[in-house]
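The first residue of the sequence shown is numbered 1, and numbering continues consecutively from there. Bear in mind that the values here come from a model prediction, so they are computed numbers and not experimental data. Computed from heavy atoms alone, side chains included, the values below leave out hydrogens, waters and symmetry copies.
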Amino acid sequence: MPPVILSAAGACLVLDDSGPGLPRVGHFGADLGPVAGSVLAPALESPAPVPPLLPSQGDGWYGRPGLAGTRHGEHWPVRWTLDALDARPAPGAGGTVTVTASDPRAGLRLATELAMDAHGVVTMRHALTNTAPTPYRLDGLTCALPVPARAAELLDFTGRWALEKTPQRRPFTYGVWSRENRRGRTGHDGTGLLVAGTAGFGFRGGEVWAVHTGWSGDHLHHAERLPEGAALLAGGELLAPGEITLAEGETYLTPWVYFTWSGSGLDEAGGRLHDHLRARRGRPLPVRPVTLNNWEATYFDHGLDRLLRLADQAAQAGVERFVLDDGWFRGRRHDRAGLGDWYVDEQVWPDGLHPLADHVRKLGMQFGLWFEPEMVNPDSDLAREHPDWILGRHERTPPPQRHQQVLDLARPEAFDHLLDRLDTLVREYSLDYIKWDHNRDIAEPVHDGVAGVHAQTLAAYRLIDELRRRHPALEIESCSSGGARVDYGVLARTDRVWTSDSNDAIDRQAIQRWTALLVPPEMMGSHVGAPHDHVTGRSLPLAFRAATALFGHMGVEWDLTSASEAEREELAVWIALHKRLRPVLHAGRVVRADHPDPAALVHGVVLPERAVFAFVQLASPVASAPAPLRLPGLDPAAVYEVRVAGPAPGGAVLPAWAREPVRLPGSVLGELGLPAPGLRPASALVLEVERA
């Protein structure tokens, strides 16, 4: 059979099954043009061991195997026999391939699904079935694609609470670079994307390959290069010992793993992922309403009069959704009690939440509510009545974190109780929105005597899915003490992620810049915080805070009743600007310039007819004259009008074009650029660009 070619949007994957065993990916990268598979045979011959779809030593791969497991303590090396290959290429639009293989001696059957979508994104997953009468203990099953020798550098991300997505780069040398997450959730230090690229790749240049595991529990990504010359990127679920044991006839299904390629830097790779995520939802997101969350405004102070005043000020500023955060349920006057008791606190809310919800809706806003369904405080009625519902061994309680434990959602009675409480409250208050939080790592998870993260993650997915089935219009935000659950597994069933618990606009510029490689702007919560940030203690001007929040799903996290009238008026101007620009911000291609000043950023969102850019000065520049302001991603053959949008930052030294709109070809704006304004640190200038 000639090689199978899947191609779309300038990307191409070639699958070769000319050898024994599983097919091998002979190429994943640039489109090869209108070439027949039979012509490729000489080019696919390689002295290096090209790994098959599931690498193993039986195929000549002496790196990390794609499958690991034992049967009654005995090791059975697997040698797959290809049973069937169903290829359905759609030239120019990708296509699908399903591979089935078996090893009767090992007692295993494999089914691999591989697809390329119309945007060039490749998705892959394996299903492993035990066909023997004895149990098979699965220790690992990953999805991998090869990368060529010219991939010389690796980029991934680490982080912590309130400072997620911190980049780190290293040479792609021989051996394994592995990022393993054992936190029971995606984690603040979850890499999101593991990227391999040609030397010096950036946002606008270089060739890159990237992998993402769409799973919200323990997971891994790794890159490996062998001295024989072969290299690959891989991802999958990270299984604890004994977590998955397959009886005869039982099947384990891996999470979807996502691969993307770009011939022109990180922006194109991220853009493909954005297009994939936007298209796969099956329904378009509604207009993203500007959202006020009361957490940093009032914390646990839920006095009705104060919240009504806050709602009044929010509506006057143009806010479209009001979300009541932590503190509304029984016993919740601080973070040490009440989690799990999902009943409105009668002492604080004698008439329920109706007075606030009704007032919010009369002001023309939607109403949302905060939950943390997967957690429980030991000081709660639920924990006292059902201590056996806590995830862990019953002989001892797992280590506490944030004064809370984890509910075992894989226990049917705990699942049913949570679903009933959530469903009841959504119905009673006609909730438009849920902020779904998850505020701790999962330690010592044990369900029915075995490691429990796998079962817990699937149960959380089922809980969200069933609530969405019952309430199709309900929007859900994935929050996890900020950005600790940002992945395509949770985004398959939620509408946005809370990017970070830090609203400090300096830190947010970097957090949003790198999170946006994986998540499009309309799915990234980005709020205007208070003048004095409660996490970093830094004070920043409103214009900078608002210009930062503008480039996401904009919201407010600030006690507007304490703001001056001038501040509220300025905030209203920025919110109105966001509403006017969000058809571009929430639909366009994210672009970032490789700017020479490390203290400055240039980023934007581009549609064929319109674009929005920001020039951001984070700190004092070293050079006395700023580098030209180049605007990437525009059509070089088109003429554009460039003008300042929104209030100019204080102390800015503006060139002539910033005072009067200028018209220039996209080729000039992208290559030569414009004279840059002189900005003080913590300043941003927002530009609107329109095809003339």
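Contact annotation: the side chain of D17 approaches that of L82 to within less than 4.5 Å [non-hydrogen atoms, C-beta and beyond]. Side-chain contact check for L233 versus H221: every heavy-atom pair is 4.5 Å or farther apart. The shortest side-chain heavy-atom distance between T70 and Y136 does not fall under the 4.5 Å cut-off. Side-chain atoms of Y461 and Q456, non-hydrogen and from C-beta on, never get closer than 4.5 Å to each other. In this structure, the side chains of D86 and V97 stay at 4.5 Å or more apart for every pair of heavy atoms. When side chains are defined from C-beta on, L193 counts as touching L273, because their heavy atoms get closer than 4.5 Å.
With no hydrogens or angles considered, a side-chain donor-acceptor pair links W436 and E374 at under 3.5 Å. Checking E207 against W261 by side-chain atom types alone, a donor-acceptor pair falls below 3.5 Å. Between the side chains of R496 and H553, a donor-acceptor pair is found at a separation under 3.5 Å. Remark: the S102 side chain and the D83 side chain contain an N/O donor-acceptor pair separated by less than 3.5 Å. For R185 and S480, the side-chain atoms include at least one donor-acceptor pair closer than 3.5 Å. Side-chain contact, H471 with D423: a donor N or O sits under 3.5 Å from an acceptor N or O. Side chains of T98 and E113: a donor-acceptor N/O pair is absent below 3.5 angstrom, by distance only. Between the side chains of E237 and Y252, a donor-acceptor pair is found at a separation under 3.5 Å. For D189 and T158, the side-chain atoms include no donor-acceptor pair closer than 3.5 Å. Counting only N and O atoms by type, the side chains of W76 and D103 include no donor and acceptor under 3.5 Å apart. Remark: the T251 side chain and the T129 side chain contain an N/O donor-acceptor pair separated by less than 3.5 Å.
Centroid-to-centroid, the aromatic rings of W256 and H212 stay 6.0 Å apart or farther. Taking the centre of each ring, F172 and W209 stay at or above the 6.0 Å mark.
To the nearest 0.5 Å, atoms NE2 (H222) and CG (L220) are separated by 7.0 Å. Put simply, CG on D487 and CG on L518 are 8.0 Å apart, with the number rounded to the nearest 0.5 Å. We find the OG-CD1 distance between S216 and I464 to be 7.5 Å, quoted to the nearest 0.5 Å.
When atom types are taken as modelled, the side chain of T198 and the backbone of F201 share no donor-acceptor pair closer than 3.5 angstrom. Side-chain atoms of D218 come within 3.5 Å of backbone atoms of R183 as a donor-acceptor pair (strictly under, hydrogens ignored). Side-chain atoms of N130 come within 3.5 Å of backbone N or O of T134 as a donor-acceptor pair. With D437 contributing its side chain and S481 its backbone, the two residues share a donor-acceptor pair below 3.5 Å. Side-chain N or O atoms of T131 include one that pairs as donor or acceptor with a backbone N or O of G107 at under 3.5 Å. For the pair R225 (side chain) and A151 (backbone), a donor-acceptor distance under 3.5 Å is present.
In this structure, R109 places its CZ atom where only 12 or fewer heavy-atom neighbours from other residues, nucleotides or ligands lie under 6.0 Å away. In R169, the CZ atom is crowded: over 12 heavy atoms of neighbouring residues, nucleotides or ligands sit closer than 6.0 Å. For R79, the CZ atom is loosely surrounded, since the number of other residues' heavy atoms within 6.0 Å does not exceed 12. Atom CZ of R105 is surrounded by 12 or fewer heavy atoms from other residues, nucleotides or ligands within 6.0 Å.
In summary, of the residues considered (L407, V453, V446, I442), a side-chain contact (heavy atoms from CB on, under 4.5 Å) with L391 occurs for I442 alone. For the salt bridge (Lys or Arg N to Asp or Glu O under 4.0 Å) with R288, the lone residue among E522, E475, E477 that qualifies is E475.
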